[in-house]
Amino acid sequence: MSDYDILFEPVRIGPKVAPNRFYQVPHCNGLGYLRPRSHAAMRGTKAEGGWGVVCTEEVEIHPSSDIAPCIEGRIWDEHDVAGHRLMTAAVHAYGALAGIELTHAGLDAANESTHLTPIGPSSRGVLGGTGFEPVQTRAMTRRDLADVRRWHRKAALRARDAGFDIVYCYAAHGLTLPMQFLSRRYNDRTDEYGGSLVNRVRF
């Protein structure tokens, strides 16, 4: 028996069981919403190669999280579900689980194609991680905070309908709204969503 045999054993993740412990974490590939068949084929190849879990790249939950011209996943509305079903079917065909990473880019979303006013914890220039010209964001109101929670919920339900087994919220780096609320660098609010760590994690 090898020290590595455990990697090839099934593992329970919530109500699902992955066939092994090889987990392909989300990574962007430039296919996303624009080339759903190519995206599905690429992820399906990973499942065929033996990965027990295969994930998407980050997937935008709403048009206010548009980072175009960069191409990533979108699950803005029901029209996006069919493209994701191609990916989950390709992954499930080889017995793997399909995961989706839901995200809202907040201060990093210039909304170049949707032309919506960017939102974030504070009013400031767009972070520029996607290389856009200067764009000013609007500090989120309590209504915006409620909307983002609602958008996440709707996106999660669409993801379930698209056949995903694992759905989670991307909250890493400085490029996501949850992390921007956590960071003193980006969050200068003086209400119950800013200041202390307890307040900054409230969102």
Side-chain angles (χ1 to χ4, degrees), residues 13-14 16 23-47 51 53-94 96-120 126 129-130 132 135 137 140 143-173 175-180:
I13 303 174
K16 302 287 184 170
Y23 194 107
Q24 182 253 285
V25 299
H27 65 85
C28 294
N29 54 37
L31 300 172
Y33 73 90
L34 195 59
R35 300 173 183 89
R37 293 186 187 284
S38 297
H39 179 250
M42 189 272 283
R43 303 294 184 193
T45 298
K46 289 174 178 279
W51 292 88
V53 178
V54 179
C55 295
T56 63
E57 65 249 294
E58 62 182 23
V59 176
E60 301 166 1
I61 63 167
H62 188 264
S64 63
S65 184
D66 166 34
I67 67 163
C70 297
I71 305 301
E72 59 184 8
R74 288 179 176 172
I75 196 157
W76 294 357
D77 57 35
E78 299 303 324
H79 296 97
D80 295 319
V81 172
H84 288 290
R85 282 193 185 125
L86 295 173
M87 183 253 179
T88 58
V91 169
H92 290 157
Y94 297 99
L97 300 182
I100 186 171
E101 181 179 64
L102 303 179
T103 190
H104 193 292
L107 297 172
D108 198 50
N111 299 328
E112 290 282 322
S113 66
T114 64
H115 303 294
L116 295 175
T117 301
I119 57 175
V126 169
T130 47
F132 297 109
V135 176
T137 64
M140 294 171 68
R143 174 61 186 267
D144 293 324
L145 294 165
D147 283 344
V148 171
R149 289 191 294 271
R150 181 170 50 83
W151 298 337
H152 264 100
R153 181 178 183 278
K154 286 188 171 184
L157 293 173
R158 289 186 200 109
R160 179 200 63 191
D161 294 345
F164 286 101
D165 306 290
I166 299 171
V167 178
Y168 54 99
C169 174
Y170 184 30
H173 308 104
L175 307 179
T176 63
L177 199 50
M179 184 55 73
Q180 292 159 14

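Atom set for the values below is all heavy atoms of this structure, side chains included, hydrogens, waters and symmetry mates excluded.
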Where the side chain of [X] meets the backbone of [Y], is there a donor-acceptor pair that is under 3.5 Å apart?
| X | Y | answer |
| --- | --- | --- |
| E101 | H27 | no |
| N111 | L116 | yes |
| T114 | P63 | yes |
| T88 | A162 | yes |

Restricting to non-hydrogen atoms, name the atom on [X] and the atom on [Y] that form the minimum distance, rounded to 0.1 Å.
| X | Y | answer |
| --- | --- | --- |
| I100 | T56 | CA-OG1, 3.4 Å |
| S64 | A109 | O-CB, 3.8 Å |
| C169 | P178 | SG-CG, 4.2 Å |
| G120 | L107 | CA-CD2, 3.7 Å |

Between V91 and W51, is the side chain to side chain contact (heavy atoms under 4.5 Å, CB included) condition met? List the steps.
CA-CA 9 Å; V91 169; W51 292 88; over 6 Å; no
Are E57 and N29 close enough that some pair of their side-chain heavy atoms sits under 4.5 Å apart?
yes
Please step through side chain to side chain contact (heavy atoms under 4.5 Å, CB included) for the pair D165 and H92, ending with a clear verdict.
CA-CA 10 Å; D165 306 290; H92 290 157; 2.7 Å; yes
Could you walk me through whether C55 and Y23 pass the side chain to side chain contact (heavy atoms under 4.5 Å, CB included) test, one step at a time?
CA-CA 8 Å; C55 295; Y23 194 107; 3.7 Å; yes
Could you give me the CA-CA distance, side-chain angles and deciding distance for D80 and V59, then say whether side chain to side chain contact (heavy atoms under 4.5 Å, CB included) is met?
CA-CA 11 Å; D80 295 319; V59 176; over 6 Å; no
State whether D77 and K154 are salt-bridged, where the test is any N-O pair (Lys NZ or Arg NE/NH1/NH2 against Asp/Glu carboxylate O) under 4.0 Å.
no
Do D161 and R158 sit within salt-bridge range, that is, some charged N less than 4.0 Å from a carboxylate O?
no
Who passes salt bridge (Lys or Arg N to Asp or Glu O under 4.0 Å) against E58, sequence neighbours left out?
none
Taking atom CZ of R150 as the centre, does the number of heavy atoms from other residues, nucleotides or ligands within less than 6.0 Å exceed 12?
yes
Pairs flagged by ring-ring contact (aromatic ring centres under 6.0 Å, His included) wherever residues 148-169 is involved - sequence neighbours left out:
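Found H62-W151, H84-F164.
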